[in-house]
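No hydrogens, no waters, no symmetry mates; every other heavy atom, side chains included, goes into these values. The model shown is predicted, which means the values in this text are computed figures rather than measured ones.
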Amino acid sequence: MANFNLNKVILGGRLTADPELKQTPQGVSVTTFSIAVNRRGKEAQTDFINCQAWRQTAEFICKFFKKGSRIEVTGRLENNNYTNKE
């Protein structure tokens, strides 16, 4: 049996806010943004997905996209957990 590991996500939706370009201390471009993705079905439901883009992709998004723009995102899914010191 083959070892099958795949982590690829393709989402299409609309930006919920204007993306902002930021720089790391090393000068690497980064942007974080959220997209609204509608679900199909009897009831209208929307998922709000947080995304992150780096380097030239981040610069491209900030230059050509704004709140309400349709966007398609291809990437990988990461689940980060935060534990409070208390």
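There is a path of hydrophobic side-chain contacts, each under 4.5 Å, that joins V37 to L77.
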Tabulate below the donor-acceptor pairs under 3.5 Å that side-chain atoms of residues 11-22 make, not counting sequence neighbours, or state none.
{"unit_1": "R14", "atom_1": "NH1", "unit_2": "G68", "atom_2": "O", "d": "2.7"}
{"unit_1": "T16", "atom_1": "OG1", "unit_2": "S34", "atom_2": "O", "d": "3.2"}
{"unit_1": "D18", "atom_1": "OD1", "unit_2": "K67", "atom_2": "N", "d": "2.6"}

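Of the residues Q52, R55, Q23, E59, the one that meets the side-chain contact (heavy atoms from CB on, under 4.5 Å) test with V30 is Q52.
Rounding to the nearest 0.5 angstrom, the gap separating the CD atom in E78 from the CG atom in N50 is 13.0 Å. Remark: F65 CZ to I35 CD1 distance equals 10.5 Å, nearest 0.5 Å. Here the OG1 atom belonging to T32 is positioned 10.5 Å from the CD1 atom belonging to I61, to the nearest 0.5 angstrom. Here the OG1-NZ distance, from T74 to K8, works out to 6.0 Å after rounding to the nearest 0.5 Å.
Under the side-chain contact (heavy atoms from CB on, under 4.5 Å) criterion, Q56 pairs with no residue, sequence neighbours left out. Every residue two or more places apart in sequence or in another chain that forms a ring-ring contact (aromatic ring centres under 6.0 Å, His included) with F64 is listed here: F60.
The nearest pair of heavy atoms linking V9 to R76 is CG2-C, 4.3 Å.
A heavy-atom distance below 4.5 Å is found between the side chains of V73 and F33.
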